[in-house]
Amino acid sequence: MDADSVADELFLLRPEEFTAARDRLAARAVRDGDRQLAHRLKALRRPTLAAWVCNLLVRKRPDEAHALVRLGEGLREAHRTLDGGQLRELGRRQRVLVASLSREARLLAEEAGHPVGDAVAREVEESLYAVLADAGAAEEWATGRLSRPPAGVPGFPGLLPGPADRLAAPPAPAAPGRETGAGEGTEVTDLAEARERRRRERRREELDRARRRAERAAADVRACEAELARVREAADRAERDERTAGQHLAELTAELDAARARRSSAEETVGEVRDRLHEAERAWQAAREAAEAADAEVDRLR
């Protein structure tokens with residue numbers, strides 16, 4: 001197992017699934033003899049719900065995540081150079097991009113089976129502003145392996161807006177002849193259009209998958225009905241065979257009883273015949289002895 005790829009998979013799991021999966025993989029690494037990997041896995045901390053949503057956003061929407069990091073670089077550079085016009089222009093654009101990414105993050109969490117409430121959504125939004133304000137936070141956020149969302153960075157005036165600013169409308173078009181930051185504005189528009197296309201594509205794909213599942217389910221129903229008909233037919237045959245076998249068994253039982261009765265009668269007859277035979281043998285023996293005695297008497301009288 002590769003530590004980086006395993007960590008990437010773990011941090012995409014829902015928070016309630018993280019610990020069991022991490023411990024299972026660490027135990028597997030121990031069995032495989034890789035104790036260093038097991039130690040690295042055990043050191044990974046379960047992400048909070050807001051951190052997990054941030055990780056989802058980075059992994060599932062890499063283009064938008066890269067755009068946020070680039071916008072943050074531009075904002076920090078404008079702040080360092082004290083370019084007021086650039087700060088105002090990029091500030092308007094960052095509010096549009098952060099609002100769009102916040103909505104996308106909630107949608108991704110819902111699609112992953114764990115919708116989030118307003119409190120978590122605010123944490124995610126604050127994390128996005130922290131990414132814009134601080135290069136270290138941006139680097140950590142871009143790994144997609146957060147255990148805790150990056151904290152807001154103080155000392156970056158105007159970057160972390162209040163509730164009213166967060167509901168601001170999309171930025172107005174730049175004044176004629178102004179070229180500064182035009183690339184970023186086009187990028188935000190293109191990203192919004194790309195997101196909408198992907199959203200429609202996902203809906204079409206989900207519909208296609210649902211239709212395929214429905215077709216498979218209908219085919220399964222038909223197959224089950226056919227199998228049920230075959231089973232019922234087999235059960236009917238088995239019942240008929242059972243009745244036939246029962247009748248045959250009754251007939252054989254009657255024949256066996258009759259045969260036993262005949263055998264008993266024959267045994268009685270044999271006993272009687274044997275008795276008569278013994279009597280006949282005794283009578284023959286007596287007659288023979290009488291004949292011999294008569295012959296002896298005749299011989300004597302001569």
Side-chain angles (χ1 to χ4, degrees), residues 1-2 5-6 9-10 12-39 41-42 46 111-115 205-302:
M1 293 186 293
D2 176 70
S5 61
V6 170
E9 292 177 6
L10 283 174
L12 280 181
L13 295 175
R14 292 184 294 185
E16 63 269 23
E17 301 170 337
F18 181 91
T19 302
R22 179 202 62 192
D23 294 346
R24 185 169 59 252
L25 290 170
R28 177 182 169 187
V30 170
R31 289 195 301 271
D32 293 342
D34 195 342
R35 294 191 173 276
Q36 183 178 3
L37 174 59
H39 180 73
L41 293 177
K42 278 290 189 181
R46 167 181 169 168
E111 291 176 347
H114 203 317
E205 291 172 358
E206 289 172 0
L207 180 59
D208 290 340
R209 287 194 295 270
R211 285 173 176 166
R212 288 194 293 271
R213 286 195 298 269
E215 291 172 356
R216 287 195 296 269
D220 291 342
V221 168
R222 290 192 294 270
C224 289
E225 289 175 346
E227 180 64 20
L228 180 60
R230 288 194 293 271
V231 170
R232 284 175 174 169
E233 183 180 354
D236 291 340
R237 285 198 303 270
E239 289 178 358
R240 290 194 297 270
D241 292 344
E242 182 183 11
R243 288 194 296 270
T244 302
Q247 294 171 357
H248 189 50
L249 177 61
E251 294 172 356
L252 291 177
T253 301
E255 292 179 3
L256 178 60
D257 291 341
R260 285 173 175 168
R262 290 194 296 272
R263 176 182 175 183
S264 178
S265 177
E267 288 176 348
E268 291 178 0
T269 301
V270 168
E272 293 174 357
V273 169
R274 282 177 178 169
D275 290 342
R276 289 198 299 270
L277 177 60
H278 291 158
E279 291 176 359
E281 286 176 346
R282 286 194 296 273
W284 174 78
Q285 185 66 29
R288 181 178 177 183
E289 291 174 354
E292 289 176 351
D295 288 342
E297 183 65 21
V298 170
D299 290 340
R300 186 181 64 78
L301 293 174
R302 288 180 181 171

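This one's a predicted model, so the numbers in the text were calculated from it and none came from an experiment. FYI, side chains are in, hydrogens and waters are out, and symmetry mates aren't considered; it's all heavy atoms of this structure.
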message = Using only atom types and a distance under 3.5 Å, with no angle test, would you say the side chain of Arg14 pairs donor to acceptor with the backbone of His114?
response = no
request  = Using atom types as modelled and distance alone, determine if a side-chain donor or acceptor of Ser265 lies under 3.5 Å from a backbone N or O of Ala261.
outcome  = no
Would you compute the distance between atom [atom1] of [X] and atom [atom2] of [Y] and round it to the nearest 0.5 angstrom?
X	Y	atom1	atom2	value
Leu13	Arg46	CG	CZ	11.5 Å
Leu256	Arg260	CG	CZ	4.0 Å
Asp257	Leu252	CG	CG	11.0 Å
Glu17	Arg24	CD	CZ	9.5 Å
Arg288	Glu281	CZ	CD	12.5 Å
Asp295	Arg300	CG	CZ	13.5 Å

request  = Look at atom CD of Glu242 and say whether more than 12 heavy atoms of other residues, nucleotides or ligands are closer to it than 6.0 Å.
outcome  = no
remark   = For residues 268-277, the side-chain hydrogen bond (donor to acceptor under 3.5 Å, both in side chains) pairs (sequence neighbours left out) are none
note = All heavy atoms of Leu41 vs all of Arg22, minimum pair found to be O-CD, 3.0 Å
request  = Indicate the atoms forming the closest heavy-atom contact of Ala26 with Ala38, along with that distance.
outcome  = O-CB, 3.5 Å
request  = Run the numbers on Asp32 and Leu37 for side chain to side chain contact (heavy atoms under 4.5 Å, CB included), then give the verdict.
outcome  = CA-CA 10 Å; Asp32 293 342; Leu37 174 59; over 6 Å; no
task = Evaluate the criterion side chain to side chain contact (heavy atoms under 4.5 Å, CB included) for residue pair His39 and Gln36; output intermediate values, then yes/no.
result = CA-CA 5 Å; His39 180 73; Gln36 183 178 3; 5.7 Å; no
